[in-house]
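Just below is one structure, and these are the notes that go with it.
All values derive from a computational prediction rather than experimental measurement.
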Amino acid sequence: MTRPATHIRRLLGWGRILARHGALRLLEESPQTPAPVRRLCRIARFGTRQPAVPDYAGAFRAIGPAAIKLGQTLATRPDLVGEEAARNLLALQDKLPPVDFALIRREIETSFERPLESLFARFDEEPVGAASIAQVHQAWTADGRKVAVKVLRPGVREKLARDIETYEWAAAHLEALGGEAGRLRPRLVIANFKRWTAREVDLRREAASASELADAMHAFPRYRVPGIDWDRTNGRVMTLDWVDGVKISNLDAIDAAGHDRKEMASRLVLAFLTQAISGGYFHADMHQGNLFVEADGTITAIDFGIMGRIDRQARQWLAEILYGLTTGDYKRVAEIHFEAQYVPSYHSVDEFATALRAVGEPMRGRPVKDLSVGQMLDGLFAITRDFDMQTQPHLLLLQKTMVMVEGIAQQLDPDINMWETAAPFVRNWIRDELGPEAAIAERLQEDTATLLRVPALIRRIEERFPPKGGAPEAPPLPHVDLMWERKRRDDDPRGTSWTGLLLAAVLGGAAVLGLQAWGHHDGPPPESEWHRHP
């Protein structure tokens, strides 16, 4: 158990780094910041020189791997960190200097308990990418296949665990202050963040995520997930097919290859919607560095450490919310928020619908190229406080990915509109999943499943109440109150009950019978004893 003094020392150290980048100014100036937090910020920045323009991304990068991942998560929370900080954190690139190859070799050989040469015919010592969690090398197998080998940085698991433990400690104390800090539920945010990072530092789970996504998207045209080399994959090393392509941000190379950027942008948006809305399982780290364009225009995704899941009910709510916002049906959007219990029931549905209209109508009146999912999310976050909406951590990854996808799509096609592209897909999905045919099919499926469970239910009933055997049925027996089950009478002032008297009588009679039996067994006392009694 880490001592509180250790947590405080870490927090102050991180606070000094944030102060040197001007990143504490936001907390000090916000009226929602609790007074104890504001005082700690003043202590942390004492004696530091702060830049005129805060560099939030630089501060999180300087703190370390856990902070980088946390900063990428906070980039989707303008309600928590403010719009200025959220925009700055969106540019947070997870790039660090590479680890010395001798350490990488040792990590591979230790995890496989085999020499590197027995695994790969050739291994490039210079990494093609180095991030806070792992770095990637190019290699070739004995059969000539070119592969990418992802290796965890030595000691990164332990460092992440230490830092996240302090995040949990700080979040618990922050939430205990109540008020706005309690509504934002920082403990739950950190708990979800902890689960995400746990998946990232287990490369076997990342490989499984890639395999699952590949199965889910196999029918989607010109979208690919690299295959996994399971023989060369474990918890610290992952090997997958090499991707020959250019980064999706390299617009010049895409244009030179003759690809249709408008079509590519639309395909990227629909790929995300297919994953999130249709499948409920999506690639949640779709930034520019994780998407490549191959020679035939196929979009290939890499880095599956962060994946998102949404259950069917939440997907239905999400689809109806998106469709309601695109069509202006704010009343239905408000009702969904109350059905999902995102808004407490003591608020008015109609008032919330009016607040949503204030967010949606200005966007509906703008030119297509000016409409933005990010702006919509900012507007929604702005009204959460007025309606006591608590943070929904299970939707954080979805919000983050929506903003990322929109940003990449707009770079490919500046005139693309996420609403216009998404509306037909969402409308068709709602028709298929929520229409009359879907309702009938779902009811038939549920009723059939219920009927199939009836035989097992009957068997369990028979086990509980077995049939009568060959013996005749026993006659009814009179009920007898057991003395230790009867309650003491309340009207007995001495605390004595008839049960107690009966018990005493029984015990007394038993004692007399016992003495008589003892006397009979031993015979009369000797004559010398008679004369001792008067």
Sequence neighbours excluded, which residues qualify as side chain to side chain contact (heavy atoms under 4.5 Å, CB included) partners of Ala284? Phe282, Ile306, Leu397, Thr401

Minimal non-hydrogen separation, Met307 against Ser209, with atom names: CG-CB, 3.6 Å

Going by the rule side chain to side chain contact (heavy atoms under 4.5 Å, CB included), which residues pair with Ala214 if we only count those two or more places apart in sequence or in a different chain? Val225

Establish, from distance only, whether the side-chain atoms of Arg10 and Thr166 form a donor-acceptor pair under 3.5 Å. yes

Could you tell me whether the side chain of Ile63 reaches within less than 4.5 Å of the side chain of Leu18, counting heavy atoms only? yes

Between CE on residue Met264 and CD1 on residue Ile248, distance to nearest 0.5 Å: 6.5 Å

Considering residues at least two apart in sequence or located in another chain, which fulfil the ring pair (Phe, Tyr, Trp, His ring centres under 6.0 Å) criterion with His21? none

Side chain of Arg261, backbone of Ile254: donor and acceptor closer than 3.5 Å? no

Hey, what do you get for CZ (Arg453) to OG1 (Thr448), rounding to the nearest 0.5 Å? 10.5 Å

Checking side chain to side chain contact (heavy atoms under 4.5 Å, CB included) for the pair Val333/Lys331: CA distance, chi angles, key distance, verdict? CA-CA 5 Å; Val333 175; Lys331 181 64 178 292; over 6 Å; no

Of all pairs that satisfy ring-ring contact (aromatic ring centres under 6.0 Å, His included), the ones with a partner from residues 230-253, not counting sequence neighbours: none

Would the distance check show the side chain of Glu175 and the main-chain N or O of Arg187 forming a donor-acceptor pair, the cut-off being under 3.5 Å? yes

Do Asp241 side-chain atoms and Pro226 backbone N/O form a donor-acceptor pair below 3.5 Å? no

So which of His173, Lys194, His7 actually passes side chain to side chain donor-acceptor pair (under 3.5 Å) with Glu168? Lys194

Is there a side-chain contact between Val156 and Ser132 in this structure, where contact means two heavy atoms from C-beta onward sitting under 4.5 Å apart? no

Donor-acceptor contact below 3.5 Å, side chain Thr354 vs main chain Asp350: yes

Any side-chain heavy atom of Arg157 within less than 4.5 Å of one from Leu152? yes

Lys146 to Asp244 - nearest heavy-atom pair and separation: NZ-OD1, 3.5 Å

Only one of Leu160, Thr197, Val201 clears side-chain contact (heavy atoms from CB on, under 4.5 Å) with Pro65; which? Leu160

With rounding to the nearest 0.5 Å, note down the distance linking CD in Glu406 to CD1 in Ile408. 11.0 Å

Please report the shortest heavy-atom distance between Arg204 and Gly235, naming the atom on each side. NH2-N, 3.5 Å

Roughly how far, to the nearest 0.5 Å, is CG of Leu452 from CG of Leu457? 13.0 Å

Hits for salt bridge (Lys or Arg N to Asp or Glu O under 4.0 Å) against Arg332, two or more places apart or cross-chain, chain-then-number order -> Glu320, Glu335, Glu339

With the side chain counted from C-beta on, respond yes when Leu70 and Asp163 share a heavy-atom pair under 4.5 Å apart, and no when they do not. no

Heavy-atom pair with the smallest gap, counting every atom of Thr233 and Ala207: CG2-CB, 3.9 Å

Full working for ring pair (Phe, Tyr, Trp, His ring centres under 6.0 Å) between Phe352 and His337: CA-CA 9 Å; Phe352 188 65; His337 277 76; 5.1 Å; yes

Does Asn290 use its side chain to pair, donor to acceptor, with the backbone of Asp285 at less than 3.5 Å? yes

Any donor-acceptor pair under 3.5 Å linking the side chain of Arg153 with the backbone of Ala131? yes

Testing the basics here: between Arg236 and Ser111, what is the closest heavy-atom pair and its distance to 0.1 Å? CB-CB, 4.3 Å

For side chain to side chain contact (heavy atoms under 4.5 Å, CB included), just list the numbers for Arg232 and Val147, CA-CA rounded to whole Å, side-chain angles, deciding distance to a tenth of an Å, and then say yes or no. CA-CA 10 Å; Arg232 297 172 179 83; Val147 294; 5.9 Å; no

Kindly compute the distance separating CD (Glu206) from CZ (Arg199), expressed to the nearest 0.5 Å. 11.0 Å

In short, Glu294 meets Arg224 closest at the heavy-atom pair OE2-NE, 2.8 Å

Hey, what do you get for CG (Leu11) to OH (Tyr167), rounding to the nearest 0.5 Å? 9.0 Å

Got a list of side-chain donor-acceptor pairs under 3.5 Å for residues 270-279, not counting sequence neighbours?
{"from": "Thr274", "atom 1": "OG1", "to": "Leu270", "atom 2": "O", "distance (Å)": "2.7"}
{"from": "Gln275", "atom 1": "OE1", "to": "His283", "atom 2": "N", "distance (Å)": "2.9"}
{"from": "Gln275", "atom 1": "NE2", "to": "Tyr223", "atom 2": "OH", "distance (Å)": "3.1"}

Can you tell whether the side chains of Asp296 and Arg222 come within less than 4.0 Å, N to carboxylate O? no

Backbone N/O of Val99 and side chain of Gln135: donor-acceptor pair under 3.5 Å: yes

